[in-house]
Amino acid sequence: MSKVLPVLGRILARGWPIIVLLLAWDLVAVVNGYTDLLLPRPLSVASYVSNNVAKFAEPTFITVALAVPGTILGLAVGCVLAILVWYSSILDGLITPTTSVLQAVPVVAMLPVIGRLVGYNEITVIVIVMLLSFFPAFVLVLARLRQANGSSEDVFRVFGASRWTTLARLLLPQAVPGLLAAIRMTAPFAIGAVILAQYLLSIGGLGQLITDSIVRSDTVTVWAIACITSIVSIIVFALTKRLEDRVAVRFK
Amino acid sequence: MSSRGKKILLGILGALALILAAELIGRLGLAGKAWPAPSDAIFSVLGNKLNSALLFRSLGATLVSAGTGLLIGSVAGVAVGFLGFLFPVLRPGLDQTASILNTIPLVALAPLLITLVGPQGMSVLTAALGAGFAMFVATASGLLAVSPAHSDFFTVSGASRLQHIIRLSLPSAVPSLLGGLTLAGSGAVLGAVLGEWFGAPSGLGVLMISSMQNFQVKLLFVVALTAALVSLLAFYTMVAIQKLVGRRFA
Amino acid sequence: MSASGISLDRVEKTFSLEKRKTFTALKDVTLDVAQGEFLALLGPSGCGKSTILRMVAGLEEPTAGKLAVNGRGPRELVNEHRLGVAFQDHALLPWLTVFQNVSLPYQLAKRPVDKARIDDLLELVGLARFRDAFPRQLSGGMRQRASIARSLVLKPEVLLLDEPFGALDAVTRRRMNLELARIWSEERTTTVLVTHDVEEAVFLAQRVVVLAANPGRIRHEEVLSFDTARTEGLERTDEFHHVVDRLTRMLDAS
Ligand SMILES: Nc1ncnc2c1ncn2[C@@H]1O[C@H](COP(=O)(O)OP(=O)(O)OP(=O)(O)O)[C@@H](O)[C@H]1O
Ligand SMILES: [Mg+2]
């Protein structure tokens with residue numbers, strides 16, 4: 001008992017808003033006497049999901065599966081470009097100013113343009129997610145590559161290490177925290193971007209399921225999707241945050 | 001040539017190369033019909049009375065939503081951040097909620113939010129959410145950014161808690177608040193455009209979707225460009241304010 | 001033990017570090033500063049000089065022993081706004097001008113701002129021309145002088161100065177020493193000065209306490225009773241040099 005109480009306290013301290021939110025949701029539904037068509041209660045949403053796992057499993061899988069390659073591609077392109085810009089001062093001068101200006105462009109808002117350009121298909125989704133993760137990766141990795149590291153860099157120079165050796169042995173490890181921060185900043189939002197694209201272009205996954213359910217006034221499904229995406233995004237956020245915290249300390 | 005001059009020249013060259021490439025791809029039709037030449041698109045949209053009127057009306061609607069959202073979101077974000085500062089018990093929960101709310105995809109909540117505020121209110125609400133999160137984080141961390149030496153001085157001067165907050169914590173939070181505003185500005189614009197995708201009567205987001213569906217590629221291109229420019233403008237205005245005001249508080 | 005002035009009775013200060021380790025910064029420090037006395041603390045870096053001042057100012061609690069200011073806890077003095085402190089780190093607010101920074105103690109004490117007194121003090125520390133400048137526009141030494149002016153503005157009953165002249169050049173430092181001596185002889189404020197400069201300590205104080213480190217403790221006390229007043233001539237007397245030499249040797253040995 002004496003061990004349960006502190007744990008309970010910690011959960012309460014961090015999680016009270018979620019409990020309040022769930023209670024408020026339930027209360028609104030009960031007090032107004034809403035049917036499931038207007039506002040389903042949390043428990044009925046939960047039981048609906050558990051009774052229809054198949055209905056949600058596939059679209060959720062599709063959505064997550066699309067977020068992964070886009071994110072990886074964007075991170076890779078961002079890293080490679082950061083290394084090139086680090087290596088060549090001319091490339092740096094040509095690319096960096098424009099990129100840092102474009103960084104403030106809302107990528108997700110460009111969805112219709114890319115949809116028109118690439119087509120109403122999965123490639124558009126991947127391109128959007130790629131663009132979304134490209135900018136943070138480029139900016140953060142480049143910043144870490146450039147971070148002066150006085151004595152260690154001198155040591156490498158004294159030993160006559162080439163620029164590429166310095167990069168591989170010293171600077172790339174130093175850039176790892178930048179990459180991890182980029183992952184944490186983009187991966188949770190990749191899910192949302194994928195769903196938005198699927199919703200807007202009606203191309204499968206959870207996004208299309210939202211559109212379809214709205215058309216069929218299937219309120220329970222809409223609420224279920226909201227809960228599922230929230231949980232998935234939060235899990236991704238927690239995982240990437242933990243990855244960053246765990247790995248970054250070794251490279252600091 | 002000075003290294004600074006060289007840098008600026010290269011930067012301009014890089015930007016020009018990008019614009020030129022976009023133009024060439026459009027002129028030569030390398031990317032198909034959906035990629036118009038930028039110059040052509042801009043001239044034909046602005047030259048067409050109907051289209052340009054539509055563009056400016058939409059721009060106005062989006063600006064109003066983004067501005068309203070920025071205001072509401074900032075006030076709410078600062079207020080909640082301040083609440084957590086006054087009552088430390090609430091802090092872990094508020095932090096958690098904020099990062100959760102920020103992580104949850106808007107689109108997942110959109111149908112539910114629409115039932116709350118209606119399609120017209122969506123863009124203001126999403127703009128407010130975008131701005132509010134940035135301002136909450138900025139407030140929460142800013143109010144705690146008091147230097148220990150300053151805090152010690154207030155303590156040995158017999159300052160009351162209220163004086164501590166008003167004369168020390170609030171001014172100390174200014175740099176962080178200004179930093180939050182740079183994010184909140186462009187966040188509100190993005191939020192407004194995204195919110196308009198869910199059935200708003202007018203706005204850049206609405207125009208974007210309709211021109212996408214109707215194959216008006218030139219109009220689509222110009223609308224997207226406008227949205228990007230507004231977002232850039234919001235960001236760099238806030239950066240300028242930050243430089244101007246922030247120097248005094250740093 | 002007198003009811004007025006500052007008294008430390010077998011005071012000990014232990015800081016708890018991470019992993020349940022502790023560090024004893026001060027051990028068994030017994031020290032009395034009479035009302036109106038000027039005491040200087042000398043000692044190697046890290047021996048706990050600032051810690052003593054912070055305890056007297058009520059910013060730290062002793063872990064053992066008794067500490068009283070005018071027979072009461074330090075907080076009472078603070079709440080009555082009768083304590084003046086100039087920290088090692090000047091702690092000026094960056095968003096206020098020099099004048100506003102110096103007038104801040106009035107506002108915190110909810111008293112009407114005496115503009116004439118502030119201008120006099122700024123004149124005294126040589127910052128009259130900079131009254132409307134912001135701290136970032138000043139040199140380190142100028143900031144320290146502004147901080148001293150701020151500590152004096154309410155005519156405190158107890159004045160705590162932590163290396164207040166550390167960033168000053170020799171000439172300005174001498175001038176500030178003379179001014180401080182003059183202010184003290186007029187107001188007879190109970191003053192504790194922490195310094196690394198033996199000459200400064202001997203010139204200003206009535207009594208010098210030398211601390212030793214690890215753990216911080218009192219190593220030596222020297223009561224100074226020069227015939228000459230604390231003005232220009234004092235540093236040139238043989239007696240002065242004698243004392244300075246002896247204390248310097250003692251610091252070197254520790
Ligand atoms: N908050 C704290 N936590 C842990 N240790 C501390 C703390 N404050 C001071 N110390 C330790 O107490 C010792 C005395 O510190 P103090 O600042 O009083 O030294 P000092 O004599 O003023 O030195 P200096 O001349 O360099 O200013 C130091 O070893 C320091 O590391
Ligand atoms: Mg000290």
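The chains referred to below are lettered A, B, ... by the order of the sequence lines, with proteins before strands, and numbering in each begins at 1.
- By number of non-hydrogen pairs under 4.5 angstrom with chain A, the leading residue of B:Leu16, B:Leu194, B:Leu13 is B:Leu194.
- Looking at B:Leu229, neither its backbone nor its side chain comes within 4.5 Å of chain A, counting heavy atoms on both sides.
- For a residue to count as touching a neighbouring chain, one of its non-hydrogen atoms must lie under 4.5 Å from one of that chain's; by this rule B:Val217 touches chain A with the side chain only.
- With a 4.5 Å cut-off on side-chain heavy atoms, A:Phe189 and B:Pro105 do not count as touching.
- The environment of CD1 in A:Ile90 is sparse: at most 12 heavy-atom neighbours from other residues, nucleotides or ligands sit within 6.0 Å.
- Under the 4.5 Å side-chain criterion, counting only non-hydrogen atoms from C-beta, A:Leu102 is in contact with B:Leu18.
- Here the side chains of A:Leu201 and B:Met212 are in contact, with some heavy-atom distance below 4.5 Å.
- Atom CZ of A:Arg216 sits in a crowded spot, with more than 12 heavy atoms from other residues, nucleotides or ligands closer than 6.0 Å.
- With chain B as the partner, the residue from A:Pro188, A:Ser233, A:Pro112 showing the most heavy-atom pairs under 4.5 Å is A:Pro112.
- Between B:Ser231 and A:Val105 there is no side-chain heavy-atom pair separated by less than 4.5 Å.
- Atom CG of A:Leu196 is separated from atom CH2 of B:Trp197 by 5.0 Å, given to the nearest 0.5 angstrom.
- At a 4.5 Å heavy-atom cutoff, the contact between A:Ile234 and chain B is made by backbone and side-chain atoms alike.
- Across B:Leu90, B:Ile209, B:Val189, the residue that shares the most heavy-atom pairs under 4.5 angstrom with chain A is B:Leu90.
- Both the backbone and the side chain of B:Leu94 come within less than 4.5 Å of a heavy atom of chain A.
- Between B:Phe215 and A:Arg116 there is a side-chain heavy-atom pair separated by less than 4.5 Å.
- Between chain B and the residues A:Ile95, A:Leu200, A:Ile214, A:Ile210, the largest count of heavy-atom pairs under 4.5 Å involves A:Leu200.
- If you measure heavy-atom distances from B:Phe221 to chain A, you find no contacts under 4.5 Å at all.
- Listed here is the closest heavy atom pair of A:Thr98 and B:Gly14: OG1-C, 3.9 Å.
- Using a 4.5 Å cut-off between heavy atoms, A:Pro97 touches chain B through its side chain atoms alone.
- Contact tally against chain B (heavy-atom pairs below 4.5 Å) for A:Gly192, A:Ser89, A:Gly93: the top residue is A:Gly93.
- Dense packing is recorded around CG of A:Leu239, with more than 12 heavy atoms of other residues, nucleotides or ligands lying under 6.0 Å away.
- Here the closest heavy-atom approach between residue B:Ala227 and residue A:Met110 is recorded as CB-CE, 4.4 Å.
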